[in-house]
Amino acid sequence: MSDRGTDNHSEVTDFILVGFRIRPELHSLLFLLFLFLYSMVFLGNAGMITLILTDPRLNTPMYFFLGNLSFIDLSCCSAIALKAMANILSMRNTISFTGCVIQLFLFALFMVTEGFVLSAMAYDRFIAICSPLLYAVRMSRCFCAQLVLGSYLCGWFTAVLQVSMTFSLSFCASRVIDDFYCDSHPMERISCSDVFLHKVVSLTLAGVIIFPTIAVILVSYTYIVSTILKIRSTEGRKKAFSTCSSHLGVVSLLYGTVFFVYVIPPDNPELRKIASVCYTLVTPMLNPLIYSLRNKDVKAALQRIVGKKSLTLNSFFSPYWFSCSGFCTPELPLITH
């Protein structure tokens with residue numbers, strides 16, 4: 001039985017991604033929906049990264065973490081959405097064995113890394129509000145870089161372990177994955193191997209990753225709320241809550257959908273796929289909007305960049321326009337900025 005399973009496993013060269021079970025005439029609409037969501041994810045997160053890198057006023061630990069969060073969201077979404085859109089457009093719904101390995105690895109890497117980065121952001125807010133005088137010392141550049149590097153290392157270790165466990169299974173029963181991307185949960189269902197050990201390892205990984213990160217976030221915000229309530233001025237409390245509400249919104253969106261899919265998986269596969277779209281596309285799309293709409297620093301940085309571009313365009317076109325239109329004579333100075 002073991003030899004036969006190994007032989008059948010080696011014969012698998014590709015998988016079939018079922019995707020969404022909809023009528024053929026709705027595939028174009030589904031592709032446009034995915035294209036819209038991915039375009040918003042790309043524009044929002046790439047714009048946020050560009051804004052943080054180009055504006056020196058955003059050179060702080062909070063925006064360092066936010067820039068990494070945008071990179072993670074964009075990378076994770078790209079690993080899932082681009083292949084999904086290609087399959088919808090071609091209607092082939094296939095992915096190579098190597099492509100499936102890479103997609104599962106990238107998905108696990110960035111999802112786990114995002115959880116740790118969000119917990120690091122909660123700790124950053126805790127220090128900023130509860131120990132503001134020690135903020136510059138505790139949240140040094142070196143320490144922030146160590147937190148982000150540690151997050152990526154945890155994600156890399158988890159991804160390697162998850163991929164190794166998943167693709168050590170034999171897929172002699174079927175190669176049809178009832179999802180729109182390669183994920184360990186639907187791949188367990190098509191395996192003819194004993195998946196008990198695989199489930200135990202997956203649950204252990206989930207416990208080791210999810211509960212500590214949630215614990216850090218909960219403890220941090222318990223102290224934050226306690227400190228904010230001690231602030232006497234209403235304006236001070238409002239400002240403190242404003243700096244934390246964006247992060248809490250992002251955490252709630254991510255962990256809410258992940259909890260629904262992996263901890264309490266729905267019986268309906270289509271409902272699970274919709275929830276998967278939420279944390280692979282919708283949440284990465286909303287994250288930049290949440291942070292930009294509720295953050296005065298980000299809005300001010302965006303206005304400065306837009307103002308500079310407008311100033312540059314005026315400087316370029318104004319002399320040319322006035323000299324060519326006859327409204328400016330050689331004796332009069334050209335309008336320059």
Side-chain angles (χ1 to χ4, degrees), residues 37-81 106-129 135-136 138-156 159 213 216-217 220 242-255 279-309:
L37 292 175
Y38 180 73
S39 299
M40 293 297 293
V41 170
F42 182 84
L43 291 174
N45 288 283
M48 184 68 74
I49 294 171
T50 303
L51 202 64
I52 293 170
L53 290 177
T54 55
D55 196 311
R57 293 179 179 86
L58 301 183
N59 188 17
T60 64
M62 183 176 72
Y63 296 108
F64 173 69
F65 293 130
L66 181 56
N68 278 277
L69 181 65
S70 293
F71 172 76
I72 291 167
D73 281 339
L74 180 57
S75 301
C76 185
C77 181
S78 298
I80 303 299
L106 293 176
F107 173 71
L109 167 65
F110 290 117
M111 284 297 293
V112 172
T113 304
E114 181 165 359
F116 281 99
V117 169
L118 287 173
S119 63
M121 293 175 71
Y123 179 75
D124 172 72
R125 293 297 84 206
F126 161 70
I127 298 297
I129 293 175
Y135 183 77
R138 293 190 178 181
M139 301 304 296
S140 63
R141 288 187 178 184
C142 181
F143 182 65
C144 292
Q146 289 173 350
L147 286 177
V148 171
L149 179 60
S151 300
Y152 278 99
L153 288 176
C154 290
W156 180 85
T213 54
V216 170
I217 294 171
S220 297
S242 178
T243 60
C244 300
S245 58
S246 299
H247 182 253
L248 280 175
V250 171
V251 170
S252 301
L253 281 172
L254 177 66
Y255 280 101
Y279 65 75
T280 56
L281 281 165
V282 178
T283 301
M285 178 189 71
L286 293 178
N287 284 354
L289 294 175
I290 292 173
Y291 278 107
S292 61
L293 292 176
R294 295 191 57 83
N295 193 303
K296 294 181 180 179
D297 293 335
V298 173
K299 287 189 286 187
L302 183 60
Q303 289 173 356
R304 284 192 293 270
I305 286 184
V306 172
K308 286 181 181 180
K309 288 184 178 180

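Residue numbers count from 1 along this sequence. Values reported hereafter were calculated over all heavy atoms of this structure, with side chains retained and with hydrogens, waters and symmetry mates removed.
Within the 4.5 Å cutoff, the side chain of Phe65 has no heavy atoms near those of the Leu118 side chain. Between Phe64 and Asn59 the shortest side-chain heavy-atom distance does not fall below 4.5 Å. Between Met111 and Cys76, the closest side-chain pair of non-hydrogen atoms falls below 4.5 Å.
Applying the salt bridge (charged side-chain N to carboxylate O under 4.0 Å, His left out) test to pairs two or more places apart or on separate chains, none has a residue in residues 110-124. Legend: salt bridge (charged side-chain N to carboxylate O under 4.0 Å, His left out) pairs involving residues 40-51, not counting sequence neighbours: none detected. Among pairs with a residue in residues 42-62, those fulfilling salt bridge (charged side-chain N to carboxylate O under 4.0 Å, His left out) read Asp55-Arg304, at least two apart in sequence or across chains.
By the ring-ring contact (aromatic ring centres under 6.0 Å, His included) test, Phe107 is found to be paired with Tyr181, residues two or more places apart in sequence or in another chain being considered. Residues that satisfy the side chain to side chain donor-acceptor pair (under 3.5 Å) test with Tyr123, not counting sequence neighbours, are absent from this structure. Take Cys154 and apply the side-chain contact (heavy atoms from CB on, under 4.5 Å) test, not counting sequence neighbours, and it matches Phe116. Scanning for side chain to side chain donor-acceptor pair (under 3.5 Å) contacts around Tyr152 gives an empty result, with sequence neighbours left out. The side-chain contact (heavy atoms from CB on, under 4.5 Å) search around Ile49 returns Leu53, Ser70, Phe71, not counting sequence neighbours. For Ser140, the side-chain contact (heavy atoms from CB on, under 4.5 Å) partners at least two apart in sequence or on another chain are Cys142, Phe143. Evaluation of the side chain to side chain donor-acceptor pair (under 3.5 Å) rule for Ser151 yields no partner, not counting sequence neighbours. A search for side-chain contact (heavy atoms from CB on, under 4.5 Å) contacts involving Thr60 returns Met62, Tyr63, not counting sequence neighbours. The side chain to side chain donor-acceptor pair (under 3.5 Å) search around Ser75 returns none, not counting sequence neighbours.
Taken to the nearest 0.5 Å, the CG atom of Leu254 stands 12.0 Å off from the CG atom of Leu286. Atom CZ of Phe126 and atom OG of Ser119 lie 13.5 Å apart (nearest 0.5 Å). Leu253 CG to Asn287 CG: the interatomic distance, rounded to the nearest 0.5 Å, is 7.0 Å. Separation of atoms OG1 (Thr280) and OH (Tyr38) is listed at 12.5 Å; rounding is to 0.5 Å. The CG atom of Leu149 lies 12.5 Å from the SG atom of Cys144; values are rounded to the nearest 0.5 Å.
A donor-acceptor contact shorter than 3.5 Å links the side chain of Asn45 to the backbone of Pro284.
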